[in-house]
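All remarks here apply to the structure that follows.
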Amino acid sequence: MNGSNRIEPKTLKGFRDYLPEAMIPREWLIDTARRVYRSYGFSPIDTPALEYLEILTGKGSEETDKQLYKFQDHGGRWVGMRFDLTVPLARFAAQHIAQLGTPFKRYHIASVWRGENTQRGRYREFMQCDFDTIGTHALAADIETTLVIHDLFQALQIRDFTIKVNNRLVLTGMLELFGLAEKATPILRALDKLAKIGREKVAAEMVAAAGATPEQADRVLQLSEISGTNDQVLSQLGQLVEGREKAQAGVAKLADLVSAVLAAGIENERVRITPSIARGLDYYTGTVFETFLDKLPGIGSVCSGGRYDNLAGLYTKEELPGIGASLGLDRLLAALEELQLVQKVGTPAAVFIPFFDANRLHDYLRLAAQIRAVGVGVEFYPEPKKLGQQLKYADRRGFRLAVIAGENEFAASTCQIKDLATAQSTTVPLADVPKAIVEQLQR
RNA sequence: GUGGUUGUAGCUCAGUUGGUUAGAGCACCAGAUUGUGGAUCUGGGGGUCGCCGGUUCAAGUCCGGUCAGCCACCCCA
């Protein structure tokens with residue numbers, strides 16, 4: 001119209017840019033998860049963002065099919081973007097497990113895509129931080145998974161969290177007793193919403209969507225409403241499952257898991273047996289987890305997972321049992337922000353060096369290098385602007401220290417180290433700068 | 001995908017029943033202050049009112065569509 005053919009800069013619905021203030025805590029979270037996973041011997045893997053469509057739709061519920069980004073590539077192949085990290089893991093395991101051997105422990109931190117409608121904290125591109133142990137039925141893996149979740153939140157400096165744990169065997173065993181075995185999936189999906197929508201609505205959904213009778217729904221809800229300390233829950237469950245082999249096995253596993261986790265040093269009641277935890281996904285067959293922040297229960301589970309008997313059945317005859325969990329990165333980040341546990345900074349470096357004396361470029365560069373050599377990040381301002389402006393820049397970005405040296409300081413072979421939060425500065429000999437900075441930052 | 005709701009400067013918003021050159025605060029840039037930031041004062045830059053179309057002498061304001069955000073359903077991380 002007016003001759004302007006500039007393209008409007010914008011991001012796709014459900015896709016986001018991350019500015020430094022958002023990306024710095026994000027990377028911190030990812031780094032922390034990575035460190036904890038690695039400390040238990042989980043190894044990193046990655047897989048392609050695109051897979052053959054048939055790989056992704058293999059076990060396709062209609063719901064995931066609807067959310068799947070799919071298209072034909074330039075060679076006419078039908079391809080899709082991964083919508084979680086579990087399906088790629090299944091394909092990966094089927095393809096490579098012979099070389100890797102079992103048990104195989106991996107972590108996978110990567111973006112996934114779902115073309116569903118957006119909402120706060122729910123996007124079309126988001127990141128998952130999964131870890132899984134595959135190729136073993138041993139309860140020790142379930143126990144270790146619990147410990148990893150615990151250590152993860154500990155490392156994130158979150159104090160008030162609860163890992164709720166249950167075992168699908170208890171639920172499915174009892175559903176058999178109630179005559180609901182074939183309706184297990186919709187029943188459990190309804191049960192999964194108990195905390196969110198309440199007893200009445202769950203019962204209604206069990207009747208409407210799963211075809212249970214009101215009496216059956218009531219029995220399931222009674223089971224799920226058992227609460228108390230772990231010992232109390234275990235003893236009540238124990239009575240209820242009397243004579244039901246499968247459910248009994250589930251209760252026994254819960255008891256073993258809790259006692260092992262206590263023996264490993266986790267605080268009592270940090271892990272709570274919660275019979276209502278079901279998880280919507282139908283591939284879980286044993287232990288299931290959900291992790292809640294005590295101060296923000298409304299936000300939902302921030303780390304969930306469970307045990308499955310046969311991960312890769314679609315792709316291989318080999319039976320691969322496993323257990324794992326996934327950290328909900330975006331949800332947790334939103335929670336941390338709400339709890340004010342992330343501080344907003346616009347720089348990853350701690351030290352700022354203003355370009356003060358236009359003739360001393362080489363000296364500044366050398367000074368910066370010496371500070372970096374002791375492991376401290378340094379940003380050097382590129383233009384010899386007025387000092388006040390440079391300090392204003394440093395202040396806004398959130399640097400902790402400024403190392404200021406001009407003509408006078410260089411003449412005396414010294415410089416000022418200024419704490420930008422307190423405005424106090426000290427003069428130190430140039431040769432001692434790296435050491436002095438490390439000391440100041442440790443305070 | 002369905003329903004509801006919102007959309008004016010980088011951010012938060014104002015803008016009378018449609019009526020001239022669309023405002024404020026914060027932020028940004030410059031100066032007051034040619035070696036010391038977060039305060040103050042002065043000046044400055046920045047908007048085709050999300051986009052497209054319609055009604056009208058006249059549209060930021062009314063209507064339709066579209067895109068995007070938020071909320072609910074669905075499902076989940």
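Chain identifiers are assigned alphabetically (A, B, ...) following the order of the sequence lines, protein sequences preceding nucleic acid strands; residue numbering begins at 1 within each chain.
- Contact annotation for A:Ala421: base contact, defined as any heavy-atom pair under 4.0 Å involving a base atom.
- When atom types are taken as modelled, the side chain of A:Asp419 and the backbone of A:Gln424 share no donor-acceptor pair closer than 3.5 angstrom.
- Among the atoms of the strands shown, none is found under 4.0 Å from any heavy atom of A:Gly115.
- When the options A:Leu171, A:Val165, A:Val170 are evaluated for a side-chain contact (heavy atoms from CB on, under 4.5 Å) with A:Asn167, the one that passes is A:Val170.
- Judged purely by atom type and a 3.5 angstrom limit, A:Ser301 uses its side chain to pair as donor or acceptor with the backbone of A:Thr291.
- The separation between A:Asn117 atom CG and B:U5 atom C1' is 14 Å, rounded to whole Å.
- Proximity note for A:Arg396 (side chain, C-beta onward) versus B:G69, B:C29, B:U36: the nearest is B:C29.
- Rounded to an integer number of Å, the gap from A:Arg82 CZ to B:A77 P is 16 Å.
- Relative to the side chain of A:Gln416, the nucleotides B:G69, B:C76, B:U36 differ in distance, and B:U36 lies closest.
- Distances from the side chain of A:Leu420 to the nucleotides B:A68, B:A30, B:G37 place B:G37 closest.
- Rounded to whole Å, atom P of B:C75 lies 22 Å from atom OH of A:Tyr123.
- With respect to the salt-bridge test (charged N to carboxylate O, under 4.0 angstrom), the residues A:Arg307 and A:Asp142 qualify.
- Rounded to whole Å, the separation between the C1' atoms of B:U48 and B:A59 comes to 14 Å.
- With a cut-off of 3.5 Å on both Watson-Crick or G-U wobble distances, the partner of B:U40 is given as B:A32.
- Look at the P atom in both B:G1 and B:U61: the space between them is 27 Å, to the nearest Å.
- Searching all strands for a Watson-Crick or G-U wobble partner of B:G25 with both distances below 3.5 Å returns B:C11.
- Nucleotides B:A24 and B:G47 have their P atoms positioned 15 Å apart, rounded to a whole Å.
- A donor N or O paired with an acceptor N or O is found under 3.5 Å between the base of B:G37 and the side-chain atoms of A:Lys418.
- One can place CZ of A:Phe355 at 20 Å from C1' of B:G37, the figure rounded to the nearest angstrom.
- Below the 3.5 angstrom threshold, one finds no donor paired with an acceptor across the side chain of A:Gln67 and the base of B:G1.
- Counting distance only, with no hydrogens placed and no angle test, the side-chain atoms of A:Glu116 and the base atoms of B:A77 include a donor-acceptor pair under 3.5 Å.
- Separating the C1' atom of B:A14 from that of B:C57 is a span of 28 Å, rounded to the nearest Å.
- Candidate nucleotides B:C75, B:A77, B:C29 were compared by shortest atom distance to the side chain of A:Phe126, and B:A77 ranks first.
- Mapping A:Ser301 and A:Glu407 onto RNA chain B by nearest heavy atom places A:Glu407 closer to the 5' end of the strand.
- For B:U34 and B:U8, the P atoms lie 41 Å apart once the distance is rounded to whole Å.
- Using P as the reference atom, B:G31 and B:C11 are 27 Å apart when rounded to the nearest Å.
- Classified by interplanar angle (parallel below 30°, tilted 30° to 60°, perpendicular above 60°), the ring pair A:Tyr284/A:Tyr308 is tilted.
- Contacts of A:Ala423 with the nucleic acid, taken as non-hydrogen atoms under 4.0 Å apart, include base atoms.
- Within the shown strands, B:G65 is the pairing partner of B:C51 under the Watson-Crick or G-U definition, both distances less than 3.5 Å.
- The side chain of A:Leu391 sits closest to B:U36 out of B:A30, B:U36, B:U2.
- Contact annotation: A:Arg331 does not reach the phosphate of B:C76 (side-chain N/O to OP1 or OP2, under 4.0 Å).
- Rounded to the nearest Å, the gap between the P atom of B:C26 and that of B:A68 is 34 Å.
- Taking atom CZ of residue A:Phe356 and atom C1' of nucleotide B:G37, one finds them 13 Å apart after rounding to whole Å.
- Rounded to whole Å, atom P of B:G37 lies 16 Å from atom CD of A:Gln424.
- For the OP1/OP2 pair of B:U36 and a distance below 4.0 Å, the side-chain nitrogens and oxygens of A:Lys392 include no atom meeting the criterion.
- The aromatic rings of A:Phe352 and A:Tyr381 sit perpendicular, their planes meeting at an angle over 60°, well past the 30° parallel limit.
- When the nucleotides B:C29, B:G37, B:U36 are ranked by their closest atom to the side chain of A:Asp395, B:G37 comes out on top.
- In this structure B:A72 sits in a base pair with B:U2, meeting the Watson-Crick or G-U test at under 3.5 Å.
- Counting to the nearest Å, the P atom of B:C71 and the CZ atom of A:Arg122 are 10 Å from each other.
- Spacing of C1' atoms, B:C76 relative to B:A72, comes out at 15 Å, to the nearest Å.
- Contact between the side-chain N/O atoms of A:Gln389 and the OP1/OP2 oxygens of B:A30 is found at a separation under 4.0 Å.
- Not a single donor-acceptor pair, N or O on each side, falls under 3.5 Å between the base of B:C75 and the side chain of A:Arg189.
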Practice item. Could you go through the ring-ring contact (aromatic ring centres under 6.0 Å, His included) check for A:Phe42 and A:Phe104 one step at a time? Key: CA-CA 8 Å; A:Phe42 290 87; A:Phe104 173 62; 9.4 Å; no
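- Side chain A:Asn408 to base B:G35: a donor-acceptor pair is found below 3.5 Å.
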Point to revise | Step-by-step side chain to side chain contact (heavy atoms under 4.5 Å, CB included) determination, A:Tyr315 to A:Ile55 | key: CA-CA 8 Å; A:Tyr315 315 108; A:Ile55 298 281; 3.9 Å; yes
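- Across every strand in view, B:U17 sits unpaired, with no contact that passes the Watson-Crick or G-U test at under 3.5 angstrom.
- Atom CZ in A:Arg397 sits about 12 Å away from atom C1' in B:C28, given to the nearest Å.
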